[in-house]
Amino acid sequence: MRLNLRRSAHEVAPDLIGAELTFDGVGGVIVEVEAYDHEDPASHAFQNRRSARNASMFLGGGHAYVYRSHGIHWCLNIVCGDPGVANGVLIRALEPTHNLEAMIARRGLSDPRLLCSGPGRLCQALGITKDQDGWRIDRAPFRLRARKAPVEIVTGPRIGLSKAADVPWRYGLAGSRFVSRPFPSR
DNA sequence: CAGTGGATGCTCT
DNA sequence: GAGCATCCACTGT
C-alpha cells in the first residue's frame with residue numbers, strides 16, 4: 001500500500017493504522033488516530049481560521065503539526081490534504097517497536113504498554129516537541145512507512161472533546177493492547 | 001475498576 | 001479569564 005497524504009484526513013486516518021512511524025530511529029506501529037477537518041468545530045483550525053498556533057496545519061499533506069496540550073504535553077498531528085485547507089490526523093498511540101530503551105529513559109517507565117499509549121505519552125517517548133512543528137513527516141529524521149498487510153480497523157467517538165463528541169472519527173487497530181483506551185465494543 | 005482533581009501554559013475572547 | 005485534541009495520583013468500591 002502507498003500512503004497518499006494529500007487526501008482528506010478522513011481518507012488518510014484509517015490508512016495510517018498499521019503504518020510505522022519513527023523519529024530519530026525511535027517509534028513503532030501506529031495503532032490509534034483521530035481525524036480533524038476544517039469543518040469540524042473540535043479542530044484547532046475550524047473554518048480554516050488561521051492563528052499562530054495552527055499555521056502548520058495549512059502547509060499541506062506530509063507536514064507535522066505539534067501543539068501544547070493542557071500546558072504540559074505535546075501532541076503530534078500528520079497534516080493531510082492540499083495546502084491552505086486545514087486537515088490533520090492526531091497520532092494517539094503507537095505499539096513501540098524501535099529503540100524502547102530511549103523511550104524508557106524519556107518516560108521514566110518500562111511497561112511497554114505505557115510508553116506510547118496516548119498522544120502526550122508518545123511525543124514524550126519519541127522526543128517530539130514544538131521544535132518539530134512544521135517539519136516533514138516523510139523525511140529524516142522522521143520516517144513514515146505504509147503498512148504492508150491488510151489490518152482490521154475499529155472506530156469510535158474521539159477522546160476528550162466537548163464539541164463534535166459524537167462523530168466516530170477515532171480509528172484503531174482491532175485487538176491492540178497499545179491503544180490509549182478501549183474502543184466501544186459496539 | 002470508576003471517578004475526581006491538580007499540574008501547568010498557551011490560545012483566543 | 002475561560003477553556004483546553006492530557007496525564008497521573010489518589011480515592012473508594
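None of these values were measured; they are calculated from a predicted model. Order of the sequence lines fixes the chain letters, A, B, ..., with proteins taken first and strands second; residue numbering starts at 1 for each chain.
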Does some side-chain heavy atom of [Y] sit less than 4.5 Å from a side-chain heavy atom of [X]?
X	Y	value
A:Ile128	A:Phe142	yes
A:Arg121	A:Cys116	no
A:Tyr171	A:Val89	no

Can you confirm whether A:Arg49 is buried at CZ, in the sense that more than 12 heavy atoms of other residues, nucleotides or ligands lie under 6.0 Å from that atom?
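Atom CZ in A:Arg49 is not packed in, count stays at 12 or less.
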Considering only heavy atoms of chain A and a distance under 4.0 Å, specify the first and last nucleotide of DNA chain C in 5' to 3' order that meet this criterion.
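So the outermost contacting nucleotides come out as C:dC4 to C:dC8.
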Defining pairs by Watson-Crick or G-U wobble geometry with both distances under 3.5 Å, how would you list the stems of DNA chain B with at least three pairs each?
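Stem segments, range with range: B:1-7 with C:6-12, B:9-12 with C:1-4.
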Minimum-distance pair of heavy atoms, taken over all atoms of A:Pro141 and A:Trp135:
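In this case the closest contact between A:Pro141 and A:Trp135 is CG-CZ3, 3.7 Å.
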ILVMFWY cluster, A:Leu173 and A:Ile78 together (side-chain gap under 4.5 Å):
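Linked, A:Leu173 and A:Ile78 end up in one cluster.
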Within one Ile-Leu-Val-Met-Phe-Trp-Tyr cluster: A:Ile153 and A:Val33, side-chain cutoff 4.5 Å
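Yes: a chain of side-chain contacts under 4.5 Å links A:Ile153 to A:Val33.
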Please list, in numerical order, the residues of residues 87-107 of chain A that have a heavy atom closer than 4.0 Å to any atom of DNA chain C.
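Those residues whose heavy atoms fall under 4.0 Å from DNA chain C, taken from residues 87-107 of chain A in numerical order, are A:Leu90, A:Arg92, A:Arg107.
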Residues of residues 35-52 of chain A with any non-hydrogen atom less than 4.0 angstrom from an atom of DNA chain C: list those, numerically ordered, please.
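Result for residues 35-52 of chain A: A:Tyr36, A:Ala42, A:His44, sorted by number.
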Got a donor-acceptor contact below 3.5 angstrom from the [X] side chain to the [Y] backbone?
X	Y	answer
A:Glu32	A:Ser180	yes
A:Arg158	A:Ala164	yes
A:Asn77	A:Val79	no

Side-chain donor-acceptor contacts of residues 14-31 of chain A below 3.5 Å, not counting sequence neighbours, with atom names and distances?
{"residue": "A:Asp15", "atom": "OD2", "partner": "A:Arg7", "partner atom": "NH1", "Å": "3.2"}
{"residue": "A:Asp15", "atom": "OD2", "partner": "A:Arg7", "partner atom": "NH2", "Å": "2.9"}
{"residue": "A:Glu20", "atom": "OE2", "partner": "A:Arg143", "partner atom": "NH2", "Å": "2.4"}

Heavy-atom contacts under 4.0 Å between residues 170-177 of chain A and DNA chain B, which residues?
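The answer is none.
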Does the side chain of A:Ser8 come under 3.5 Å of the side chain of A:Asn87 through a donor N or O and an acceptor N or O?
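The criterion, which ignores hydrogens and geometry beyond distance, is not satisfied for A:Asn87 and A:Ser8.
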Going by the rule side chain to side chain donor-acceptor pair (under 3.5 Å), which residues pair with A:Ser51 if we only count those two or more places apart in sequence or in a different chain?
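A:Asn54.
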Listing time: all N or O pairs from protein to nucleotides 4-10 of chain B that are below 3.5 Å?
{"residue": "B:dT8", "atom": "O2", "partner": "A:His70", "partner atom": "O", "Å": "2.4"}
{"residue": "B:dG9", "atom": "O4'", "partner": "A:Gly71", "partner atom": "O", "Å": "3.3"}

Quick one: side chains of residues 97-112 of chain A, donor-acceptor pairs under 3.5 Å with protein atoms, not counting sequence neighbours, listed by atom name and distance.
{"residue": "A:Asn99", "atom": "OD1", "partner": "A:Ala102", "partner atom": "N", "Å": "3.1"}
{"residue": "A:Arg106", "atom": "NH1", "partner": "A:Ala125", "partner atom": "O", "Å": "2.8"}
{"residue": "A:Arg106", "atom": "NH1", "partner": "A:Leu126", "partner atom": "O", "Å": "3.4"}
{"residue": "A:Arg107", "atom": "NE", "partner": "A:Leu114", "partner atom": "O", "Å": "3.3"}
{"residue": "A:Arg107", "atom": "NE", "partner": "A:Leu115", "partner atom": "O", "Å": "3.3"}
{"residue": "A:Arg107", "atom": "NH1", "partner": "A:Gln124", "partner atom": "OE1", "Å": "2.7"}
{"residue": "A:Arg107", "atom": "NH2", "partner": "A:Leu114", "partner atom": "O", "Å": "2.8"}
{"residue": "A:Asp111", "atom": "OD1", "partner": "A:Arg113", "partner atom": "N", "Å": "2.9"}

Return the set of residues passing side-chain contact (heavy atoms from CB on, under 4.5 Å) with A:Ala146 (not counting sequence neighbours), or none when no residue passes.
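Scan of A:Ala146 (side-chain contact (heavy atoms from CB on, under 4.5 Å), adjacent residues dropped) gives A:Met1, A:Leu3.
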Cut-off 3.5 Å, no hydrogens considered: what does the side-chain donor-acceptor table look like for residues 57-69 of chain A, sequence neighbours left out?
{"residue": "A:His63", "atom": "ND1", "partner": "A:Gly134", "partner atom": "O", "Å": "3.3"}
{"residue": "A:Tyr65", "atom": "OH", "partner": "A:His44", "partner atom": "ND1", "Å": "2.8"}
{"residue": "A:Arg68", "atom": "NH1", "partner": "A:Ile72", "partner atom": "O", "Å": "3.3"}

Which Ile, Leu, Val, Met, Phe, Trp or Tyr residues join A:Val85 in one cluster when any pair of side-chain heavy atoms under 4.5 Å counts as a link?
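In the cluster with A:Val85 there is nothing else; it is isolated.
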